[in-house]
Amino acid sequence: MRKFLAGALIAGMIFANSGAYAHELTIKAKSDEPMKKDTPFEVTVQSAHKFIVPEEVEVIERVKAGIIEDGKFIESALTPDEKNLCINFTVTPKNDDGSIMLVAVKDGESWCVTNEGGKTGARAELEKQGLKVLSANKYDKYAKAIFNASHDDKNYSQVLGHPLEIIPVTNPADVKAGDYMKVKILLNGQPYTGAVWASYDGFAPELENTYAYYTEAENGEASIKITAPGLWGIRAAQGGLPGVEGDYDHLNLRAFLLFNVK
């Protein structure tokens, strides 16, 4: 398994077959204060090329977000925030002991490269309009964030069944700078083998597609060296999956796992 620290990464690197130019979906709390039982807590869904720096508001009809409680997804009402380039939502935790998992999912639109530039819409639709479609891709995105990590809690390792999912093996509450964070990654329920990126809030906020750490998952497992405290994100991507005739040529999956390191 090959691993590279920040010095080996190249800003704006192109991720082959993973749709490098699509925005990443992430979740970030509005406050650094810990969540409390029965107390509303504000969270944002962000979309950007730069890690945890919002750049655009996703199409809200295509996004769902909320909290996982007792193994079930409880959806929250979403509010677009054009001023701050994000989507806001609020959760009210019922459990004050142990970790809280938040989830955001985007069901992507077909995005086509045409003779008149990038266009949203199915391949067949755009071709009926007289456009020449060079490629058509769909990007589905899955983000999970763990807050209030507890040394005794096991909720952090829940498997939600996303088509591409990053599941902690190491409890985030036990991780500190200098440690390795081990994760399991599943692609359609099977072990994922491929690239894994990780970074932390503040590493390189001015640079797109730039991460503090790179490794490769083998048989669904990867270990990330945690080099600093703060909010971390681990990313995996799978491109080139079969498409739907007339709609998109390829399906691309993105997954992010976010957690705090003290």
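Just so you know, these numbers use all the heavy atoms, side chains as well, and skip hydrogens, waters and symmetry mates. Just so you know, residue 1 is the first one in the sequence shown, and it goes up from there.
- Connection of V113 to L131 is not established within any shared hydrophobic cluster, with ILVMFWY side chains joined at heavy-atom distances below 4.5 Å, either directly or through further cluster members.
- To the nearest 0.5 Å, the span separating CE on M181 from CD1 on I224 amounts to 7.5 Å.
- Counting heavy atoms from C-beta on, the side chains of D81 and V57 never come closer than 4.5 Å.
- Remark: the backbone N or O of W111 is not paired with any side-chain donor or acceptor of Y139 at under 3.5 angstrom.
- Closest of all the heavy-atom pairs between A136 and C112 is CB-SG, 3.5 Å.
- Looking only at side-chain heavy atoms (C-beta outward), I146 and L257 come within less than 4.5 Å of each other.
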side-chain contact (heavy atoms from CB on, under 4.5 Å) assessment of V63 paired with L78
CA-CA 8 Å; V63 176; L78 305 181; 3.9 Å; yes
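- Between F89 and A77, the shortest heavy-atom contact is CB-O, 3.4 Å.
- Within 6.0 Å of CD in E245 there are 12 or fewer heavy atoms belonging to other residues, nucleotides or ligands.
- Within the 4.5 Å cutoff, the side chain of L207 has no heavy atoms near those of the F203 side chain.
- Ion pairing of K64 with D107 is absent here, as no side-chain N (NZ or NE/NH1/NH2) approaches a carboxylate O to less than 4.0 Å.
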Do L126 and T114 pass the side-chain contact (heavy atoms from CB on, under 4.5 Å) test, and can you show the C-alpha distance, the side-chain angles, and the key distance before you say yes or no?
CA-CA 9 Å; L126 297 180; T114 78; 4.2 Å; yes
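- Both I100 and V91 are part of a single hydrophobic cluster, where members link through side-chain heavy atoms under 4.5 Å apart.
- Checking each of E58, E109, E165 against K141 for a salt bridge (Lys or Arg N to Asp or Glu O under 4.0 Å) leaves exactly one that passes, namely E58.
- The two residues P163 and L253 make their nearest non-hydrogen contact at CB-CD1, 3.8 Å.
- For P93 against I67, the heavy-atom pair with the smallest separation is CA-CD1, 4.3 Å.
- Side-chain contact between L25 and V45 is present, with at least one heavy-atom pair separated by less than 4.5 Å.
- More than 12 heavy atoms of other residues, nucleotides or ligands lie within 6.0 Å of CG in D38, so this atom counts as buried by the packing criterion.
- The closest donor-acceptor contact from the side chain of S157 to the backbone of N155 lies at 3.5 Å or more, if one exists at all.
- Under a 3.5 Å cut-off, the side chain of T44 and the backbone N or O of K28 do form a donor-acceptor pair.
- Taking the charged nitrogens against the carboxylate oxygens, E69 and K94 have no contact shorter than 4.0 Å, which rules out a salt bridge.
- Between the side chain of N171 and the backbone N or O of S150 there is at least one donor-acceptor pair closer than 3.5 Å.
- For the pair K50 (side chain) and N209 (backbone), a donor-acceptor distance under 3.5 Å is absent.
- For the pair M101 and K144, the minimum side-chain heavy-atom distance is below 4.5 Å.
- Connection of V105 to L241 is established within a shared hydrophobic cluster, with ILVMFWY side chains joined at heavy-atom distances below 4.5 Å, either directly or through further cluster members.
- For A212 against Y200, the heavy-atom pair with the smallest separation is CB-CE2, 4.0 Å.
- With rounding to the nearest 0.5 Å, the separation of CD1 in I185 from OG1 in T193 is 9.5 Å.
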Apply salt bridge (charged side-chain N to carboxylate O under 4.0 Å, His left out) to the pair D179 and K225, showing each step before the final yes or no.
CA-CA 6 Å; D179 292 344; K225 182 71 174 281; over 6 Å; no
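- The backbone N or O of C86 sits nowhere less than 3.5 Å from a side-chain atom of N84 that would complete a donor-acceptor pair.
- The CG atom of N137 lies 4.5 Å from the CG atom of N252; values are rounded to the nearest 0.5 Å.
- Counting non-hydrogen atoms of other residues, nucleotides and ligands closer than 6.0 Å to CG of N219 gives a total of 12 or fewer.
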One pair to check against side-chain contact (heavy atoms from CB on, under 4.5 Å): I27 and Q46. What are the steps and the verdict?
CA-CA 6 Å; I27 303 170; Q46 301 184 1; over 6 Å; no
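- What you find for R123 and V133 is that their closest heavy atoms are NH1-O, 3.3 Å.
- Within a 6.0 Å sphere centred on CG of D32, other residues, nucleotides and ligands contribute 12 heavy atoms or fewer.
- One hydrophobic cluster holds both L160 and Y142 under the rule that ILVMFWY side chains link at heavy-atom gaps under 4.5 Å.
- You'll find the side chain of I68 reaches within 4.5 Å of the side chain of Q158, heavy atoms only.
- With hydrogens and angles ignored, the 3.5 Å screen pairs no side-chain donor or acceptor of D70 with any backbone N or O of K72.
- We find the CD1-OG1 distance between I60 and T79 to be 6.5 Å, quoted to the nearest 0.5 Å.
- Expressed to the nearest 0.5 Å, how far CZ of F147 lies from OG of S31 amounts to 10.0 Å.
- In this structure the side chain of T227 reaches within 4.5 angstrom of the side chain of W232, judged on heavy atoms.
- V169 and V175 sit in two unconnected hydrophobic clusters of ILVMFWY residues. Membership requires side-chain heavy atoms under 4.5 Å apart, directly or through other members.
- For the atom pair L251 CG and D249 CG, the distance stands at 11.5 Å (nearest 0.5 Å).
- Between F51 and V53 the shortest side-chain heavy-atom distance does not fall below 4.5 Å.
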Walk me through it: do E56 and L85 pass the test side-chain contact (heavy atoms from CB on, under 4.5 Å)?
CA-CA 5 Å; E56 72 167 14; L85 299 176; 5.6 Å; no
Could you give me the CA-CA distance, side-chain angles and deciding distance for K138 and D247, then say whether salt bridge (charged side-chain N to carboxylate O under 4.0 Å, His left out) is met?
CA-CA 9 Å; K138 185 175 188 283; D247 193 348; over 6 Å; no
